[in-house]
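None of the values given here were measured: they were computed from a predicted structure. Numbers restart at 1 for each chain; the letters A, B, ... are given by sequence-line order, proteins then strands.
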Amino acid sequence: MTEAEFQRLSTIYGANVARWPEQVQESAERWRASHPEAGAVLREAAVLDHMLSRAAPVVDAPRVDALVDALRARTGAAPLPWSVPVPFWRRPWTDLKGALWRWTPEGAVYVGLFVLGCAANTAVRLLTAETPLEAWLAANLSLSLGG
Amino acid sequence: MSGEPGRDGGGETVDDVLIVQVAAGNAAAFEALARRHMRRVVAVAQGVVGNPSDADEIAQEAFMRVWEFADRWTPGRARFTTWLHRIVLNLAIDRCRKPQWIALDAAGEIADDRDPPAHDRLARRERRDAVELAMETIPPRQRAAVTLFYFEGLSGKAAAEALGISTAAFEQLLLRARRSIREELQAGGFDFQEGPL
């Protein structure tokens with residue numbers, strides 16, 4: 001890197017070398033470390049950076065709220081529920097993949113609880129039955145056809 | 001917009017989901033999308049046109065275009081924020097072509113015990129006004145470059161994409177803008193060797 005290049009980049013991107021294009025940052029840092037005059041160049045750029053930062057427009061929350069309210073009125077549509085389905089072919093793949101990963105643990109818990117419940121139900125029936133299971137099944141699940 | 005939407009991967013995913021819902025006519029998704037990006041959209045518009053009321057109109061118009069043309073946007077092809085910035089910048093630069101560029105409104109400042117002494121406040125106010133006046137003297141596209149890079153903190157690459165130009169062309173815009181602002185400030189008596197405070 002030359003002094004002219006360093007000067008040019010500081011004029012464009014300001015004093016913060018971290019905001020310069022990535023491909024020149026390393027050489028710029030090397031040049032700065034080996035050239036004392038780099039400090040003066042960056043200090044001068046920093047003055048303008050500072051002044052520009054103070055001139056940035058300020059947009060406060062009430063102004064944002066008012067604009068969003070005005071937009072709602074212009075679209076003329078009542079807010080719809082969040083559950084309005086989006087066709088799956090229009091959904092980004094990352095969204096579907098993310099949902100799959102997100103709900104896998106919860107799904108496993110619910111399925112596990114269901115299986116445990118079924119097993120417990122069967123066990124209780126077996127242990128508390130006054131009649132053998134075969135007899136209970138025959139009494140409760142057989143169809144009486146006529147008579 | 002960090003914490004600002006659209007800068008991180010998560011923000012982009014949320015934007016992608018919302019814009020797809022907007023395309024399906026979901027007004028609630030549209031409102032959420034507008035709320036996420038309104039501050040930045042207004043700030044960018046105001047940085048270019050200078051006038052808060054014009055900036056508000058531009059911001060609303062930009063979001064109405066999003067509402068109207070959301071179905072033309074394809075997830076994955078480009079970042080939503082790049083598309084939104086381009087809409088805002090086109091509207092703002094078009095607005096500047098009309099002869100209605102005026103100085104920023106001088107919003108009243110309420111005195112506060114925590115504020116610095118009056119003469120310090122006045123000096124700071126003068127410097128801020130001087131920069132705003134210097135911004136008025138440069139072309140709208142240069143103002144857009146300054147706004148995106150310095151006010152909104154976009155990278156040079158992202159700002160160039162938002163303006164629809166190459167990085168080299170963006171550097172030229174920013175170089176000319178900073179030189180012009182600096183010359184204006186120097187002509188107004190500001191000494192860059194002394195520093196800002």
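Scanning residues 13-37 of chain A against chain B with a 4.5 Å non-hydrogen threshold yields A:Tyr13, A:Gly14, A:Arg19, A:Pro21, sorted by number.
If you measure heavy-atom distances from A:Ala45 to chain B, the contacts under 4.5 Å come from both the backbone and the side chain. Both the backbone and the side chain of B:Glu61 come within contact range of chain A, judged by heavy atoms closer than 4.5 Å. The contact between A:Arg8 and chain B is made by backbone and side chain atoms together, counting heavy-atom distances below 4.5 Å. Heavy atoms of B:Val44 lying under 4.5 Å from chain A are absent altogether. With a 4.5 Å cut-off on non-hydrogen atoms, B:Ile181 touches chain A through its side chain but not through its backbone.
Taking a 6.0 Å sphere around CZ of B:Phe69, one finds it holds more than 12 heavy atoms contributed by other residues, nucleotides or ligands.
When all heavy atoms are compared, the tightest approach of A:Pro57 to B:Phe151 is CD-CD1, 3.4 Å. Taking each heavy atom of B:Tyr150 and A:Ile12 in turn, the nearest pair found is OH-O, 2.7 Å.
Counting heavy atoms from C-beta on, the side chains of A:Met51 and B:Arg182 never come closer than 4.5 Å. Residues A:Asp60 and B:Arg39 form no side-chain contact, since every pair of their non-hydrogen atoms from C-beta on lies 4.5 Å or further apart.
Ion pairing between a basic and an acidic side chain is recognised when a charged N comes within 4.0 Å of a carboxylate O; B:Arg35 and A:Asp65 show such pairing. Using a 4.0 Å cut-off between charged nitrogen and carboxylate oxygen, A:Arg54 and B:Glu132 do not count as a salt-bridge pair.
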- Message: side-chain contact (heavy atoms from CB on, under 4.5 Å), that's the test. Do B:Glu31 and A:Thr75 meet it? Break it down for me.
- Response: CA-CA 10 Å; B:Glu31 185 174 330; A:Thr75 54; over 6 Å; no
- Message: Under the criterion side-chain contact (heavy atoms from CB on, under 4.5 Å), I'd like the reasoning laid out for B:Met38 against A:Leu71: C-alpha separation, chi angles, the key distance, then a yes or no.
- Response: CA-CA 11 Å; B:Met38 185 62 83; A:Leu71 268 181; 3.5 Å; yes
- Query: Taking it one step at a time, do A:Asp49 and B:Arg178 satisfy side-chain contact (heavy atoms from CB on, under 4.5 Å)?
  - Reply: CA-CA 9 Å; A:Asp49 289 352; B:Arg178 270 182 74 111; 2.5 Å; yes
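From B:Met64, atom CE reaches atom CZ of A:Arg74 across 5.0 Å, with rounding to the nearest 0.5 Å.
With chain B as the partner, the residue from A:Val64, A:Leu9, A:Leu48 showing the most heavy-atom pairs under 4.5 Å is A:Leu48.
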